[in-house]
Number of protein chains: 2
Amino acid sequence: MQDNANKPDRRQARTKQLLYEALMDLVREKGAENVTVTDIASRANINRGTFYLHYRDVPDMLQQLKDDVFSRIRAKVEKLDIKEAWAYADRDEAYPQGVIVFDELAKHADFLRTMVGAQGDMSYALRFRELFTAHIYEKVKYVPEGKSIMPPDYFVAYVTSANFGFLMHWIESGMNLTSEEMARIMIRLMHYGPLVSLGLKEVPPGGAKIAEER
Amino acid sequence: MQDNANKPDRRQARTKQLLYEALMDLVREKGAENVTVTDIASRANINRGTFYLHYRDVPDMLQQLKDDVFSRIRAKVEKLDIKEAWAYADRDEAYPQGVIVFDELAKHADFLRTMVGAQGDMSYALRFRELFTAHIYEKVKYVPEGKSIMPPDYFVAYVTSANFGFLMHWIESGMNLTSEEMARIMIRLMHYGPLVSLGLKEVPPGGAKIAEER
DNA sequence: CTTTGTATTCAACAGAGTGTTCATTAATAG
DNA sequence: CTATTAATGAACACTCTGTTGAATACAAAG
């Protein structure tokens, strides 16, 4: 029942592992919404009643797994220091703590691909977008007043979606760039904008800001 | 819904309308996955059996509604002519066919907010992103080789996500810009990139390309 | 090795929702 | 008005749910 942080019984660990594998299989096969407790128990060769000793129902199981992965990733994201990151961006080096974040994402590649992909959960994806927005793109909010033809909230949506789409593509396409490459490209995208990142424009000597604003 | 088809019996139309209203209510209340046929029939004051005269099950009903809205919007999107649009962009006018697209989106505001929002369906959202990508952002694929530090598919993900996030924000925030404003801003974003759109850079006399590349 | 605690199993249960059928009632179009 | 078709109500077998109580299997500690 309750978590004995000290010693998880072998049987519990085994059961949880089997339930997890069965769930992931089934979600990939039929989509998260069509998976039943009976399915999971049967696939895992576990008594149906045993499922209820671990989780309230299927949504609860998914939620616990999502929360677990999310908090692991959040822990790494919260250690990011933007100013430090920009120092690395100027030298075109990968910011170490950034690499750690991408490593953590890669660690949960399978789970994230399933939960954030086409069969995935929109609100879970948005939760990540908000996490990154809160810790990385805060500055974006300070858009200069005046000549802009678009409201600031629209600009925030534009920029955060761009970066998040970039990240999603990495996850969905099989993570075929290393964490170092991702960290380097992403901080560059944020710091200098897409033009410099594409090599179509020189890096300004004094440094630049998001989307080449100033 | 639609009035012009040959001979939709009044009773059928009435029933479909009641089922539709009940479904939308319930999806907003409990999320699409938790709505039962019994729920819908009861909310609509319709015999449960009658539901099955119109739809196979709840997912089927949602699918039909989604397909219907999607094809209406696609019909407008397919009439877009990018070159024509850019002529309007240069004059900073709203491209009429673009306005028509946004009007069509606005027509289905409620439905889209429900289906593409946080409680929404990821694959449906991606379907729209692909539609827009295919008809609007084709050019983005032709990223100049060479100095770029990011693979082209990543750049496509970056740019299309940016524009799609912009659109989603319009839908989710209550569509508080007119179709004309949206059409003007969006074509400008695509044509000149965010800098010019933000008024932080002058429009180049000869015209520019996506994200100020050239 | 034995004891002790507990995780898991098994069978059974009522409840809710499903999808179908059929005879009956009601509304519609012509 | 009449023939047609939609909607109703009731019943059916079915699946999945979430819970219970007694029996069993297994892990950890002495």
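Here the structure is a predicted model, which is why all the values come from computation and not from measurement. Values below: all heavy atoms of this structure, side chains included; hydrogens, waters and symmetry mates excluded. Order of the sequence lines fixes the chain letters, A, B, ..., with proteins taken first and strands second; residue numbering starts at 1 for each chain.
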### Task
If the plane angle is over 60° it's perpendicular, under 30° parallel, otherwise tilted; pick one for B:Trp170 and B:Phe102.
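Rings of B:Trp170 and B:Phe102: perpendicular, over 60°.
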### Task
On the 0 to 90° scale, with breaks at 30° and 60°, tag the B:Tyr20-B:Phe111 ring pair as parallel, tilted or perpendicular.
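If you compare the ring of B:Tyr20 with that of B:Phe111, the planes turn out parallel.
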Using atom [atom1] of [X] as one end and atom [atom2] of [N] as the other, report the distance to the nearest whole Å.
{"X": "A:Arg14", "N": "C:dT8", "atom1": "CZ", "atom2": "C1'", "result": "9 Å"}
{"X": "B:Tyr55", "N": "C:dG17", "atom1": "OH", "atom2": "C1'", "result": "20 Å"}
{"X": "A:Asn34", "N": "D:dT17", "atom1": "CG", "atom2": "P", "result": "12 Å"}
{"X": "A:Gln12", "N": "C:dA7", "atom1": "CD", "atom2": "P", "result": "5 Å"}
{"X": "A:Gln17", "N": "C:dA7", "atom1": "CD", "atom2": "C1'", "result": "17 Å"}
{"X": "B:Leu19", "N": "D:dA7", "atom1": "CG", "atom2": "C1'", "result": "11 Å"}
{"X": "B:Arg11", "N": "D:dA7", "atom1": "CZ", "atom2": "C1'", "result": "7 Å"}
{"X": "A:Asn47", "N": "C:dA12", "atom1": "CG", "atom2": "C1'", "result": "12 Å"}

### Query
Base, sugar-phosphate, or nothing for A:Thr36, non-hydrogen atoms under 4.0 angstrom?
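Contact class for A:Thr36: sugar-phosphate only.
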When you compare the protein's N or O atoms with those of nucleotides 18-20 of chain D, which come within less than 3.5 Å of each other, and at what distance?
from: D:dG18; atom 1: OP2; to: A:Tyr52; atom 2: OH; distance (Å): 3.3
from: D:dG18; atom 1: N7; to: A:Arg48; atom 2: NH1; distance (Å): 2.9
from: D:dG18; atom 1: O6; to: A:Arg48; atom 2: NH2; distance (Å): 2.9

### Message
Counting C-beta onward and ignoring hydrogens, is there a side-chain heavy-atom pair between A:Ile46 and A:Phe51 closer than 4.5 Å?
### Response
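No; the side chains remain at least 4.5 Å from each other.
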### Partner of B:Gln64 by side-chain hydrogen bond (donor to acceptor under 3.5 Å, both in side chains), out of B:Asp68, B:Asp60, B:Asp67
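Of all the options given, the one that passes is B:Asp60.
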### Query
Got a sec: does the CZ of B:Arg14 have more than 12 other heavy atoms crowding it under 6.0 Å?
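Atom CZ in B:Arg14 is not crowded, with 12 or fewer foreign heavy atoms closer than 6.0 Å.
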Less than 4.0 angstrom between a side-chain N/O of [X] and OP1 or OP2 of [N], yes or no?
{"X": "A:Thr15", "N": "C:dA7", "answer": "no"}
{"X": "B:His54", "N": "D:dA7", "answer": "yes"}
{"X": "B:Thr38", "N": "C:dG17", "answer": "no"}

### Query
Between C:dT28, D:dT8, D:dC16, which one does the side chain of B:Arg10 approach most closely?
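Minimum distance to the B:Arg10 side chain belongs to C:dT28.
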### Query
When you measure from the side chain of B:Glu172 to the backbone N and O of B:Arg113, does any donor-acceptor pair fall under 3.5 Å?
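No.
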### Task
Please confirm whether A:Phe164 and A:Phe128 have ring centers closer than 6.0 angstrom.
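No, the ring of A:Phe164 stays outside the 6.0 Å limit from the ring of A:Phe128, centre to centre.
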### Query
5'-most contact on DNA chain C: A:Ala13 or B:Asp39, nearest heavy atom basis?
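Its nearest nucleotide lies further toward 5', so the answer is A:Ala13.
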